[in-house]
Amino acid sequence: MRQNFTRTLFFNPLFLIFISPFTLILLGTVLSIQFSSFKFTSFLLLYLFVLLNQFLEKIFAYHQKEKHELKLLPIILFEILNLLLMFYFTLSNNFLIGILLLLYSIVIHLQYIPYNLSLSLYSLILTSLFKGGILTYISFYIQTGFISKELYYWSLSSIILHVFIGYSKQLVEVDLQTKITSKKSFLYLISLILSTYIFTFLSLYLPNYLKNWIFLLLLSIPLAIKVIQLFQVNKINHSTSYKIKLINLFQILFTILLCITALIKVFVTQK
């Protein structure tokens with residue numbers, strides 16, 4: 001019964017839709033705590049911006065996949081609110097933040113408009129860079145007003161993670177067409193997940209005060225193995241929806257564990 005409840009909660013589309021944008025800006029926010037007091041309004045509005053772009057991304061993806069006619073009214077409303085939020089952050093912070101948010105939104109749009117580039121190398125690199133890196137920098141900056149050099153070190157783990165997540169989702173879409181994952185693609189997937197853990201472990205092991213907390217990230221390994229198993233040659237034929245949810249769930253879990261480690265680092269540093 002407990003297992004059914006857990007599956008119902010964590011595989012619920014609403015849970016994944018609203019938690020995923022939260023994790024994209026969580027790491028930068030957690031690392032900013034050691035330098036500045038928490039600005040709830042800025043955090044909430046940035047979360048709303050990321051959530052809106054996620055809605056647009058899903059709408060355009062569904063349109064490309066199902067070839068349904070786009071409903072213009074909700075898209076226009078989302079786009080207007082999107083622009084208003086960019087304008088707010090430009091005025092409340094600086095011009096560069098507004099430009100970065102605009103570029104993030106453009107990257108999200110260009111995956112599907114005017115052409116479907118969601119399975120391209122362009123999409124994989126740019127979306128990973130913006131979701132794993134740029135949003136981390138922005139979430140840190142709107143809290144502190146500057147960028148710490150240490151932030152780049154932490155964000156690289158997040159970028160590599162999103163490369164793995166993005167590539168996994170691309171393989172799900174390719175599997176729909178070819179019905180099988182090639183050995184080469186499977187090896188790339190293994191390399192990416194190993195790179196994610198190895199780089200993160202090295203970055204956390206070097207500071208002496210974090211050596212005892214590396215084990216936290218190991219809690220995500222069982223879920224990582226389940227994601228990898230989705231693409232084995234003799235894999236169980238799970239639905240596309242299940243695969244995407246499992247991949248998103250791994251991204252959420254790994255990011256939260258990384259943020260817990262960052263939070264421990266913040267408190268240890270303050271002591």
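For reference, positions follow the sequence shown, starting with 1. Keep in mind it's a predicted model, so treat the numbers as computed, not measured.
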Here the side chain to side chain donor-acceptor pair (under 3.5 Å) pairs for residues 19-31, sequence neighbours left out, are Thr23-Gln251
In terms of heavy-atom contacts, Ile142 and Ser139 come closest through CG1-O, 3.5 Å
CG of Leu135 to CG of Leu27, rounded to nearest 0.5 Å, is 11.5 Å
Test side chain to side chain donor-acceptor pair (under 3.5 Å) on Tyr122 and Thr127; report intermediate values, then the result. CA-CA 8 Å; Tyr122 147 84; Thr127 55; over 6 Å; no
Can you confirm whether more than 12 heavy atoms, excluding those of Tyr188, are under 6.0 Å from its OH atom? no
Q | Side-chain heavy-atom pair Thr136, Trp154 within 4.5 angstrom cut-off | A | no
Taking the six-membered ring for Trp, are the ring centroids of Tyr112 and Tyr62 within less than 6.0 Å of each other? no
Path from Leu77 to Leu51 over hydrophobic side-chain contacts below 4.5 Å:
no
Within a strict 4.5 Å, meaning less than it, do heavy atoms of the Ile97 and Thr90 side chains meet?
no
Does the side chain of Thr41 reach to within under 4.5 Å of the side chain of Tyr88, using non-hydrogen atoms?
yes
Quick note, salt bridge (charged side-chain N to carboxylate O under 4.0 Å, His left out) partners involving residues 11-27, not counting sequence neighbours, are none
**Asked** When clusters are formed by joining ILVMFWY residues with side-chain heavy atoms under 4.5 Å apart, either directly or through shared neighbours, do Leu102 and Phe95 land in the same one?
**Response** yes
* Asked: Is there side-chain contact between Leu217 and Phe254, with at least one heavy-atom pair below 4.5 Å?
  -> yes
Flag, side chain of Ser158 to backbone of Gly132, donor-acceptor distance under 3.5 Å
yes
> Counting N and O atoms only, with roles assigned by atom type, does the side chain of Asn116 sit under 3.5 Å from a partner on the main chain of Ser118, one being a donor and the other an acceptor?
Replying inline: yes
Give me the ring orientation class for Phe22 and Phe43: parallel if the planes are under 30° apart, tilted from 30 to 60°, perpendicular past 60°. perpendicular
Determine, step by step, whether Lys169 and Asn248 satisfy the side chain to side chain donor-acceptor pair (under 3.5 Å) criterion, reporting the C-alpha distance in whole Å, the side-chain angles of both residues, the deciding distance to 0.1 Å, and the verdict. CA-CA 9 Å; Lys169 291 181 177 179; Asn248 286 335; 2.6 Å; yes
- Determine whether the side chains of Ser220 and Tyr197 contain a donor N or O and an acceptor N or O closer than 3.5 Å. yes
Heavy-atom closest pair (Ser155 atom, Gly133 atom, distance to 0.1 Å) is CB-CA, 4.4 Å
For Ser120 and Gln170, the nearest pair of non-hydrogen atoms, with its separation, is O-NE2, 3.1 Å
Evaluate the criterion side chain to side chain donor-acceptor pair (under 3.5 Å) for residue pair Ser36 and Gln143; output intermediate values, then yes/no. CA-CA 6 Å; Ser36 175; Gln143 297 289 333; 5.4 Å; no
Connected via hydrophobic side-chain network under 4.5 Å: Leu85 and Ile80:
no
Exactly one of Tyr137, Phe140, Tyr141 clears ring pair (Phe, Tyr, Trp, His ring centres under 6.0 Å) with Phe146, and that residue is Phe140
Exercise. Just wondering, do Phe164 and Val227 contact through their side chains at under 4.5 Å, heavy atoms?
Worked result: yes
When you compare the side chain of Ile165 with that of Phe250, does any pair of heavy atoms fall below 4.5 Å? yes
Exercise for review: Give a yes or no on whether Leu72 and Leu83 share a hydrophobic cluster (residues Ile, Leu, Val, Met, Phe, Trp, Tyr; joining criterion: side-chain heavy atoms under 4.5 Å apart).
Suggested key: no
Q.
Within the structure provided, determine whether Ser157 and Thr196 are in side-chain contact (heavy-atom separation under 4.5 Å).
A. no
Looking only at heavy atoms, the pair that brings Leu246 and Leu223 closest together is CD1-CD1, 3.5 Å
>> Is any side-chain heavy atom of Leu156 closer than 4.5 Å to one of Phe199?
In response: yes
- Message: Please check if the number of heavy atoms outside Phe87 that lie under 6.0 Å from its CZ is greater than 12.
- Response: no
Would you mind checking if Glu57 and Lys131 are paired as a salt bridge, meaning a charged N to carboxylate O distance below 4.0 Å?
-> yes
